[in-house]
Amino acid sequence: MPVFQESISLKPFNTFRIDSKADRFVEIKRESDLKAVFDGVDRYTQEILVLGGGSNMLFTKDFKGLVIKISIPGISYVENGDEVIVTAGAGVVWNDLVTFCVHHDFAGLENLTLIPGTVGASPIQNIGAYGVELKDVFSSCTAFEIATGDIKKFTYSDCNFGYRESVFKNKLKGKYIITSVNFTLNKKATIRTQYGAIAAELERRNIKQPSIADVSMVVAAIRVSKLPDPSTIGNAGSFFKNPVIDKKQFEVLFAKFPEVVHYPAPAEKIKLAAGWLIEQCGFKGKVVGQTGTWKNQALVLVNHGYASGQEVYDFSEQIIRAVHAKFNVALNREVNIF
Ligand code: EPU
(Lines give C-alpha, C1' and ligand atoms only; values in the text may rest on other atoms or scores of the structure.)
Protein backbone atom coordinates (compact mmCIF):
# COMPACT_ATOMS: atom_id res chain seq x y z
CA MET A 1 0.00 0.00 0.00
CA PRO A 2 1.49 3.40 -0.97
CA VAL A 3 2.35 5.70 1.91
CA PHE A 4 0.68 9.12 2.23
CA GLN A 5 2.83 11.97 3.53
CA GLU A 6 1.54 15.26 4.94
CA SER A 7 2.77 18.83 4.34
CA ILE A 8 5.58 18.05 1.94
CA SER A 9 7.84 20.62 0.23
CA LEU A 10 7.55 20.31 -3.55
CA LYS A 11 10.95 21.92 -4.15
CA PRO A 12 12.69 18.62 -5.07
CA PHE A 13 9.79 17.69 -7.36
CA ASN A 14 9.67 20.69 -9.73
CA THR A 15 12.51 21.77 -12.02
CA PHE A 16 11.75 25.48 -11.34
CA ARG A 17 12.81 24.65 -7.74
CA ILE A 18 9.88 26.58 -6.27
CA ASP A 19 9.42 25.92 -2.58
CA SER A 20 5.65 25.36 -2.29
CA LYS A 21 4.02 22.81 -0.04
CA ALA A 22 1.51 20.07 -0.79
CA ASP A 23 -1.04 19.13 1.88
CA ARG A 24 -0.68 15.43 0.98
CA PHE A 25 1.75 13.51 -1.20
CA VAL A 26 1.96 9.92 -2.38
CA GLU A 27 4.38 8.14 -4.71
CA ILE A 28 3.14 5.44 -7.09
CA LYS A 29 5.54 2.67 -8.12
CA ARG A 30 3.05 0.21 -9.66
CA GLU A 31 -0.07 0.66 -11.75
CA SER A 32 -2.02 -1.30 -9.11
CA ASP A 33 -1.07 1.28 -6.44
CA LEU A 34 -3.36 3.77 -8.16
CA LYS A 35 -6.45 1.75 -7.35
CA ALA A 36 -5.36 1.50 -3.73
CA VAL A 37 -4.78 5.28 -3.56
CA PHE A 38 -8.14 6.16 -5.03
CA ASP A 39 -9.96 3.69 -2.80
CA GLY A 40 -8.49 5.70 0.09
CA VAL A 41 -9.37 9.25 -1.04
CA ASP A 42 -12.51 11.08 -2.02
CA ARG A 43 -11.94 11.29 -5.75
CA TYR A 44 -14.57 13.97 -6.27
CA THR A 45 -13.83 16.58 -3.60
CA GLN A 46 -10.09 16.20 -3.18
CA GLU A 47 -7.99 18.35 -5.53
CA ILE A 48 -5.48 16.11 -7.27
CA LEU A 49 -2.25 16.92 -9.04
CA VAL A 50 -0.40 14.25 -10.99
CA LEU A 51 3.32 14.86 -11.10
CA GLY A 52 5.93 13.33 -13.40
CA GLY A 53 9.29 15.08 -13.52
CA GLY A 54 7.70 18.44 -12.58
CA SER A 55 9.48 19.95 -15.56
CA ASN A 56 6.60 21.88 -17.05
CA MET A 57 4.94 23.50 -14.07
CA LEU A 58 5.08 26.61 -11.93
CA PHE A 59 3.68 26.59 -8.40
CA THR A 60 2.43 30.06 -7.46
CA LYS A 61 1.00 28.93 -4.11
CA ASP A 62 0.83 25.93 -1.80
CA PHE A 63 -1.16 23.00 -3.17
CA LYS A 64 -4.21 22.28 -1.02
CA GLY A 65 -4.78 18.73 -2.13
CA LEU A 66 -3.11 15.42 -2.97
CA VAL A 67 -0.01 15.28 -5.17
CA ILE A 68 0.46 11.91 -6.85
CA LYS A 69 4.02 11.39 -8.02
CA ILE A 70 4.18 8.77 -10.75
CA SER A 71 7.33 6.62 -10.50
CA ILE A 72 6.23 3.52 -12.44
CA PRO A 73 9.48 2.06 -13.88
CA GLY A 74 10.37 -0.33 -16.71
CA ILE A 75 11.41 -0.40 -20.35
CA SER A 76 10.73 -3.40 -22.61
CA TYR A 77 10.48 -4.00 -26.34
CA VAL A 78 9.15 -6.34 -29.01
CA GLU A 79 10.81 -6.53 -32.42
CA ASN A 80 8.84 -7.12 -35.58
CA GLY A 81 11.13 -7.03 -38.63
CA ASP A 82 12.64 -3.54 -38.78
CA GLU A 83 9.97 -2.18 -36.48
CA VAL A 84 10.33 -2.16 -32.70
CA ILE A 85 7.57 -1.41 -30.22
CA VAL A 86 9.15 -0.02 -27.08
CA THR A 87 7.04 0.17 -23.93
CA ALA A 88 8.05 2.41 -21.04
CA GLY A 89 6.53 2.97 -17.61
CA ALA A 90 5.17 6.47 -17.02
CA GLY A 91 7.78 7.16 -14.34
CA VAL A 92 10.79 6.45 -16.56
CA VAL A 93 12.93 9.56 -16.97
CA TRP A 94 12.47 10.65 -20.58
CA ASN A 95 16.17 10.91 -21.36
CA ASP A 96 16.84 7.45 -19.88
CA LEU A 97 14.42 6.08 -22.48
CA VAL A 98 16.16 8.04 -25.25
CA THR A 99 19.56 6.74 -24.11
CA PHE A 100 18.23 3.16 -23.97
CA CYS A 101 16.87 3.41 -27.54
CA VAL A 102 19.97 5.08 -28.98
CA HIS A 103 22.12 2.41 -27.30
CA HIS A 104 19.99 -0.37 -28.88
CA ASP A 105 20.02 1.42 -32.27
CA PHE A 106 16.25 1.93 -32.22
CA ALA A 107 15.70 5.10 -34.23
CA GLY A 108 13.02 7.71 -33.61
CA LEU A 109 13.71 9.40 -30.28
CA GLU A 110 17.23 10.77 -30.89
CA ASN A 111 16.06 14.31 -31.79
CA LEU A 112 14.27 14.40 -28.43
CA THR A 113 17.48 13.88 -26.44
CA LEU A 114 17.77 15.67 -23.07
CA ILE A 115 14.17 16.87 -22.87
CA PRO A 116 13.51 16.98 -19.13
CA GLY A 117 10.56 15.14 -17.61
CA THR A 118 9.12 11.65 -17.60
CA VAL A 119 7.60 9.29 -20.18
CA GLY A 120 4.10 9.66 -18.71
CA ALA A 121 4.05 13.39 -19.31
CA SER A 122 5.35 13.14 -22.88
CA PRO A 123 2.02 12.58 -24.68
CA ILE A 124 0.14 15.13 -22.56
CA GLN A 125 1.83 18.09 -24.16
CA ASN A 126 3.15 16.25 -27.22
CA ILE A 127 6.77 17.14 -26.41
CA GLY A 128 8.89 18.17 -29.34
CA ALA A 129 12.29 19.45 -30.38
CA TYR A 130 14.53 19.74 -33.43
CA GLY A 131 11.94 18.81 -36.04
CA VAL A 132 10.35 15.83 -34.20
CA GLU A 133 7.30 15.60 -31.96
CA LEU A 134 6.22 12.77 -29.70
CA LYS A 135 3.26 12.10 -32.02
CA ASP A 136 5.70 11.03 -34.77
CA VAL A 137 6.74 7.95 -32.74
CA PHE A 138 3.71 7.44 -30.51
CA SER A 139 1.85 4.15 -30.90
CA SER A 140 -0.50 4.05 -27.88
CA CYS A 141 -0.63 4.55 -24.13
CA THR A 142 -2.44 3.07 -21.17
CA ALA A 143 -4.10 5.24 -18.55
CA PHE A 144 -5.96 4.84 -15.26
CA GLU A 145 -9.43 6.36 -15.27
CA ILE A 146 -9.84 8.24 -12.00
CA ALA A 147 -13.65 8.00 -11.86
CA THR A 148 -13.83 4.21 -12.34
CA GLY A 149 -10.38 2.78 -11.59
CA ASP A 150 -10.35 1.12 -15.04
CA ILE A 151 -7.24 0.95 -17.21
CA LYS A 152 -7.90 2.19 -20.75
CA LYS A 153 -5.82 2.08 -23.91
CA PHE A 154 -5.51 5.25 -26.04
CA THR A 155 -4.50 4.93 -29.69
CA TYR A 156 -2.84 7.67 -31.74
CA SER A 157 -6.14 8.96 -33.06
CA ASP A 158 -7.72 8.99 -29.57
CA CYS A 159 -5.07 11.46 -28.43
CA ASN A 160 -5.85 14.40 -30.76
CA PHE A 161 -2.27 15.62 -30.85
CA GLY A 162 -1.44 19.21 -31.80
CA TYR A 163 1.46 21.62 -31.18
CA ARG A 164 2.15 21.02 -27.44
CA GLU A 165 -1.45 19.78 -27.17
CA SER A 166 -3.40 16.54 -26.70
CA VAL A 167 -6.78 15.32 -25.48
CA PHE A 168 -5.21 14.93 -22.00
CA LYS A 169 -4.73 18.72 -21.73
CA ASN A 170 -8.19 19.45 -23.05
CA LYS A 171 -11.33 17.26 -23.08
CA LEU A 172 -9.90 14.64 -20.72
CA LYS A 173 -7.96 17.00 -18.45
CA GLY A 174 -7.83 15.61 -14.89
CA LYS A 175 -9.71 12.43 -15.83
CA TYR A 176 -6.90 9.96 -16.57
CA ILE A 177 -3.42 9.15 -15.27
CA ILE A 178 -1.06 7.78 -17.91
CA THR A 179 0.68 4.63 -16.67
CA SER A 180 2.73 3.52 -19.71
CA VAL A 181 3.47 4.56 -23.29
CA ASN A 182 4.21 2.45 -26.41
CA PHE A 183 6.46 3.89 -29.10
CA THR A 184 6.92 2.65 -32.68
CA LEU A 185 10.63 2.88 -33.47
CA ASN A 186 12.71 1.52 -36.31
CA LYS A 187 15.95 -0.39 -36.68
CA LYS A 188 16.53 1.30 -40.06
CA ALA A 189 17.31 4.86 -39.13
CA THR A 190 15.78 7.80 -40.95
CA ILE A 191 18.02 10.61 -39.81
CA ARG A 192 16.10 13.85 -39.38
CA THR A 193 18.50 16.75 -39.66
CA GLN A 194 16.31 19.27 -41.48
CA TYR A 195 16.32 21.50 -38.41
CA GLY A 196 19.04 24.02 -39.26
CA ALA A 197 20.97 23.85 -36.02
CA ILE A 198 21.48 20.05 -36.27
CA ALA A 199 22.81 20.19 -39.85
CA ALA A 200 25.14 23.06 -38.91
CA GLU A 201 26.49 21.26 -35.84
CA LEU A 202 27.08 18.01 -37.81
CA GLU A 203 28.90 20.01 -40.47
CA ARG A 204 31.01 21.76 -37.83
CA ARG A 205 32.03 18.36 -36.47
CA ASN A 206 32.66 17.08 -40.00
CA ILE A 207 30.17 14.19 -39.59
CA LYS A 208 29.04 13.29 -43.10
CA GLN A 209 26.93 10.19 -42.48
CA PRO A 210 25.46 10.60 -39.03
CA SER A 211 24.27 7.65 -36.96
CA ILE A 212 21.40 8.12 -34.51
CA ALA A 213 24.04 8.30 -31.75
CA ASP A 214 25.64 11.24 -33.63
CA VAL A 215 22.27 13.01 -33.91
CA SER A 216 21.61 12.43 -30.22
CA MET A 217 25.05 13.79 -29.37
CA VAL A 218 24.67 16.98 -31.41
CA VAL A 219 21.13 17.61 -30.11
CA ALA A 220 22.54 17.28 -26.58
CA ALA A 221 25.34 19.73 -27.45
CA ILE A 222 22.89 22.27 -28.92
CA ARG A 223 20.56 22.03 -25.93
CA VAL A 224 23.40 22.40 -23.44
CA SER A 225 24.68 25.49 -25.27
CA LYS A 226 21.25 27.18 -25.38
CA LEU A 227 19.26 25.99 -22.40
CA PRO A 228 19.99 26.23 -18.67
CA ASP A 229 20.54 22.92 -16.86
CA PRO A 230 17.63 22.52 -14.41
CA SER A 231 19.91 20.75 -11.92
CA THR A 232 21.88 23.98 -11.45
CA ILE A 233 19.39 26.74 -12.36
CA GLY A 234 15.65 26.31 -11.89
CA ASN A 235 13.60 26.51 -15.10
CA ALA A 236 10.88 24.70 -17.04
CA GLY A 237 12.20 24.97 -20.60
CA SER A 238 10.22 27.20 -22.95
CA PHE A 239 7.86 29.19 -20.75
CA PHE A 240 5.60 30.25 -23.62
CA LYS A 241 4.46 28.52 -26.79
CA ASN A 242 5.57 29.91 -30.12
CA PRO A 243 2.48 31.88 -31.22
CA VAL A 244 0.66 30.68 -34.30
CA ILE A 245 -1.11 33.48 -36.18
CA ASP A 246 -3.12 33.75 -39.38
CA LYS A 247 -1.78 35.10 -42.67
CA LYS A 248 -3.56 38.42 -42.44
CA GLN A 249 -2.14 39.24 -39.04
CA PHE A 250 1.28 38.08 -40.24
CA GLU A 251 1.21 40.42 -43.25
CA VAL A 252 0.59 43.42 -40.99
CA LEU A 253 3.38 42.33 -38.65
CA PHE A 254 5.81 41.56 -41.48
CA ALA A 255 5.25 44.98 -43.09
CA LYS A 256 6.42 46.61 -39.86
CA PHE A 257 9.06 44.03 -38.83
CA PRO A 258 10.39 42.27 -41.96
CA GLU A 259 13.09 40.54 -39.90
CA VAL A 260 10.51 38.68 -37.72
CA VAL A 261 11.60 35.01 -37.29
CA HIS A 262 8.78 32.82 -38.60
CA TYR A 263 7.97 29.36 -40.00
CA PRO A 264 5.05 27.93 -41.98
CA ALA A 265 2.50 26.12 -39.78
CA PRO A 266 -0.39 23.78 -40.67
CA ALA A 267 -3.63 25.25 -42.08
CA GLU A 268 -1.86 28.14 -43.83
CA LYS A 269 -0.88 29.69 -40.51
CA ILE A 270 2.44 31.17 -39.47
CA LYS A 271 4.42 30.25 -36.36
CA LEU A 272 6.52 33.01 -34.81
CA ALA A 273 9.65 32.48 -32.71
CA ALA A 274 8.52 33.71 -29.29
CA GLY A 275 12.18 33.91 -28.20
CA TRP A 276 12.80 36.49 -30.92
CA LEU A 277 9.74 38.57 -29.98
CA ILE A 278 10.80 38.55 -26.31
CA GLU A 279 14.42 39.40 -27.13
CA GLN A 280 13.29 42.35 -29.29
CA CYS A 281 11.44 43.72 -26.26
CA GLY A 282 14.76 43.88 -24.40
CA PHE A 283 14.20 40.89 -22.12
CA LYS A 284 16.96 38.48 -23.15
CA GLY A 285 19.17 37.72 -20.14
CA LYS A 286 17.25 40.26 -18.02
CA VAL A 287 17.39 39.71 -14.25
CA VAL A 288 14.47 40.97 -12.15
CA GLY A 289 14.89 40.13 -8.46
CA GLN A 290 15.31 36.35 -8.23
CA THR A 291 13.86 35.66 -11.67
CA GLY A 292 14.60 36.59 -15.28
CA THR A 293 15.10 35.17 -18.76
CA TRP A 294 18.01 32.95 -19.77
CA LYS A 295 20.99 34.68 -21.34
CA ASN A 296 21.08 32.39 -24.39
CA GLN A 297 17.34 31.82 -24.89
CA ALA A 298 14.81 34.52 -24.03
CA LEU A 299 11.92 32.03 -24.13
CA VAL A 300 13.18 30.34 -20.97
CA LEU A 301 12.37 31.92 -17.58
CA VAL A 302 14.68 31.02 -14.72
CA ASN A 303 14.81 30.96 -10.93
CA HIS A 304 18.09 32.50 -9.79
CA GLY A 305 17.80 30.76 -6.45
CA TYR A 306 14.97 31.90 -4.23
CA ALA A 307 12.24 33.12 -6.58
CA SER A 308 8.67 32.54 -5.51
CA GLY A 309 6.32 31.15 -8.11
CA GLN A 310 4.30 34.36 -7.94
CA GLU A 311 7.42 36.41 -8.75
CA VAL A 312 8.09 34.30 -11.85
CA TYR A 313 4.44 34.53 -12.85
CA ASP A 314 4.36 38.33 -12.44
CA PHE A 315 7.51 38.60 -14.58
CA SER A 316 5.85 36.47 -17.26
CA GLU A 317 2.91 38.92 -17.22
CA GLN A 318 5.34 41.78 -17.87
CA ILE A 319 6.71 39.89 -20.89
CA ILE A 320 3.23 39.18 -22.26
CA ARG A 321 2.33 42.87 -21.95
CA ALA A 322 5.55 44.06 -23.62
CA VAL A 323 5.23 41.65 -26.56
CA HIS A 324 1.60 42.61 -27.03
CA ALA A 325 2.38 46.34 -26.93
CA LYS A 326 5.20 46.10 -29.48
CA PHE A 327 3.94 43.40 -31.87
CA ASN A 328 0.21 43.04 -31.14
CA VAL A 329 0.84 39.30 -30.68
CA ALA A 330 -0.56 37.29 -27.76
CA LEU A 331 1.83 34.94 -25.98
CA ASN A 332 0.38 31.89 -24.25
CA ARG A 333 2.15 29.99 -21.50
CA GLU A 334 3.37 26.49 -22.24
CA VAL A 335 4.10 25.87 -18.57
CA ASN A 336 1.18 24.75 -16.38
CA ILE A 337 0.40 27.20 -13.57
CA PHE A 338 -0.80 25.97 -10.17
N1 EPU B 1 15.41 33.38 -31.04
C2 EPU B 1 15.85 34.64 -30.78
N3 EPU B 1 16.16 34.97 -29.50
C4 EPU B 1 16.08 34.11 -28.48
C5 EPU B 1 15.62 32.80 -28.74
C6 EPU B 1 15.29 32.44 -30.03
O7 EPU B 1 15.97 35.47 -31.67
O8 EPU B 1 16.38 34.49 -27.34
C9 EPU B 1 15.07 33.01 -32.43
C10 EPU B 1 16.27 32.58 -33.24
O11 EPU B 1 16.13 33.07 -34.54
C12 EPU B 1 16.15 31.07 -33.30
C13 EPU B 1 14.65 30.89 -33.28
O14 EPU B 1 14.17 31.93 -32.44
O15 EPU B 1 16.73 30.58 -34.45
C16 EPU B 1 14.20 29.55 -32.71
O17 EPU B 1 14.86 29.32 -31.48
P18 EPU B 1 15.16 27.83 -30.98
O19 EPU B 1 15.78 27.03 -32.05
O20 EPU B 1 15.90 27.93 -29.68
O21 EPU B 1 13.73 27.22 -30.76
P22 EPU B 1 12.41 27.80 -30.07
O23 EPU B 1 11.38 27.97 -31.12
O24 EPU B 1 12.71 28.96 -29.20
C25 EPU B 1 11.33 25.43 -29.73
C26 EPU B 1 10.72 24.65 -28.62
C27 EPU B 1 11.81 24.06 -27.73
C28 EPU B 1 12.72 23.18 -28.57
C29 EPU B 1 13.31 24.03 -29.70
C30 EPU B 1 14.14 23.22 -30.67
C31 EPU B 1 8.57 25.65 -28.18
C32 EPU B 1 7.75 26.50 -27.25
N33 EPU B 1 9.84 25.49 -27.84
O34 EPU B 1 12.00 26.57 -29.14
O35 EPU B 1 11.18 23.24 -26.77
O36 EPU B 1 13.77 22.63 -27.80
O37 EPU B 1 12.24 24.63 -30.47
O38 EPU B 1 13.30 22.43 -31.46
O39 EPU B 1 8.05 25.15 -29.17
C40 EPU B 1 10.19 23.31 -24.60
O41 EPU B 1 9.11 23.11 -25.15
O42 EPU B 1 10.30 23.45 -23.35
C43 EPU B 1 11.38 23.45 -25.42
C44 EPU B 1 12.59 23.78 -24.91
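These numbers come from a predicted model, not from an experiment. All ligand and atom numbering here is 1-based and tracks the order in the structure. Heavy-atom basis, side chains included; hydrogens, waters and symmetry copies ignored.
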Expected list for residues 106-114: side-chain donor-acceptor pairs under 3.5 angstrom, two or more places apart:
unit_1: Glu110; atom_1: OE1; unit_2: Gly108; atom_2: N; d: 2.7
unit_1: Glu110; atom_1: OE2; unit_2: Gly108; atom_2: N; d: 3.4
unit_1: Asn111; atom_1: ND2; unit_2: Tyr130; atom_2: O; d: 2.9
unit_1: Asn111; atom_1: ND2; unit_2: Arg192; atom_2: O; d: 2.8
unit_1: Thr113; atom_1: OG1; unit_2: Glu110; atom_2: O; d: 2.6
unit_1: Thr113; atom_1: OG1; unit_2: Ser216; atom_2: OG; d: 2.8

Got a donor-acceptor contact below 3.5 angstrom from the Thr291 side chain to the Asn303 backbone?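 The answer is no, because no donor-acceptor pair under 3.5 Å joins these two groups.
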ring-ring contact (aromatic ring centres under 6.0 Å, His included): pairs with one or both residues in residues 208-252, sequence neighbours excluded: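 Qualifying pairs: Phe250-Phe254, Phe250-His262.
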What does the list of residues with a heavy atom under 4.0 Å from ligand 1 look like, ordered by chain and number?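 Residue list for ligand 1: Gly128, Ala129, Tyr130, Tyr163, Arg164, Tyr195, Arg223, Lys226, Gly237, Ser238, Phe240, Lys241, Asn242, Val261, Tyr263, Ala273, Gly275, Trp276, Glu279, Lys284, Gln297, Ala298, Leu299, Glu334.
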Just one of Phe154, Tyr176, Phe38 clears the ring-ring contact (aromatic ring centres under 6.0 Å, His included) bar with Phe144, so which one?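 Option passing the ring-ring contact (aromatic ring centres under 6.0 Å, His included) with Phe144: Phe38.
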Is it possible for you to check whether Lys69 lies under 6.0 Å from the centre of the six-membered ring of Phe13, through NZ or CZ, and within 45° of that ring's axis?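 Not satisfied by the 6.0 Å and 45° rule.
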Pairs in or reaching into residues 165-184: which pass salt bridge (Lys or Arg N to Asp or Glu O under 4.0 Å), with residues at least two apart or in two chains?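 For residues 165-184, and leaving out neighbouring residues, the salt bridge (Lys or Arg N to Asp or Glu O under 4.0 Å) pairs sorted by first residue read Glu165-Lys241.
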